[in-house]
Amino acid sequence: MLRHEFQPGRLVAGTFLTLAGVLYAGDAGGLWDTPWFVVIPVVTGGLCLAGAVSFLTRGIRRRRRSPATEPPSARPAGPA
C-alpha cells in the first residue's frame, strides 16, 4: 500500500539538484574543476523539465479519473 502519491516531477527536480550538489562537491574535493556557471543551466534545465513532467502527469491523471470517482465538491456545478 502506498503511503503517498508518486510525483515524478519532484523526482526529476531532486535528481537535477542532487547532480548540482555532486558537481560542487567534486569540485570542492579536488576531483575535477567545475566552472561557477555550469550549475545554472543544470538547475534551470532540471526545474523546467520537472515542470513539464508535472504538467504531463497532471494531464494524464485528470484524463484517467472518471467522473464517478471524483468527490462531489470537485465536480463542476451544472445549470440548475
Side-chain angles (χ1 to χ4, degrees):
M1 183 168 141
L2 293 176
R3 297 181 133 211
H4 58 82
E5 185 177 43
F6 176 65
Q7 297 177 349
R10 289 186 180 191
L11 177 67
V12 171
T15 301
F16 276 89
L17 291 174
T18 302
L19 175 63
V22 167
L23 288 173
Y24 275 136
D27 186 25
L31 297 174
W32 56 76
D33 186 33
T34 304
W36 65 270
F37 55 84
V38 169
V39 79
I40 295 170
V42 169
V43 171
T44 305
L47 290 177
C48 288
L49 184 61
V53 168
S54 296
F55 183 74
L56 182 66
T57 303
R58 181 179 179 205
I60 290 171
R61 288 185 177 162
R62 276 190 162 185
R63 182 171 281 192
R64 283 187 173 181
R65 186 182 305 158
S66 67
T69 60
E70 290 182 4
S73 60
R75 293 184 192 148

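The residues of the chain are indexed from 1 along the displayed sequence. For clarity, every value in this text was computed on a predicted model and none was experimentally measured.
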Where at least one partner belongs to residues 17-28, residue pairs that pass side chain to side chain donor-acceptor pair (under 3.5 Å), sequence neighbours excluded:
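Matches after skipping sequence neighbours: none remain.
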
Taking distance alone, no hydrogens or angles, what donor-acceptor pairs closer than 3.5 Å link side-chain atoms of residues 1-14 to residues at least two apart or in another chain?
residue : atom : partner : partner atom : Å
E5      : OE2  : R61     : NH1          : 3.2
Q7      : OE1  : R10     : NE           : 2.9

I'd like a table of donor-acceptor pairs (distance under 3.5 Å, sequence neighbours excluded) in which one partner is a side-chain atom from residues 33-50, with atom names and distances.
residue : atom : partner : partner atom : Å
T34     : OG1  : L23     : O            : 3.3
T34     : OG1  : W32     : NE1          : 3.0
T44     : OG1  : I40     : O            : 2.8

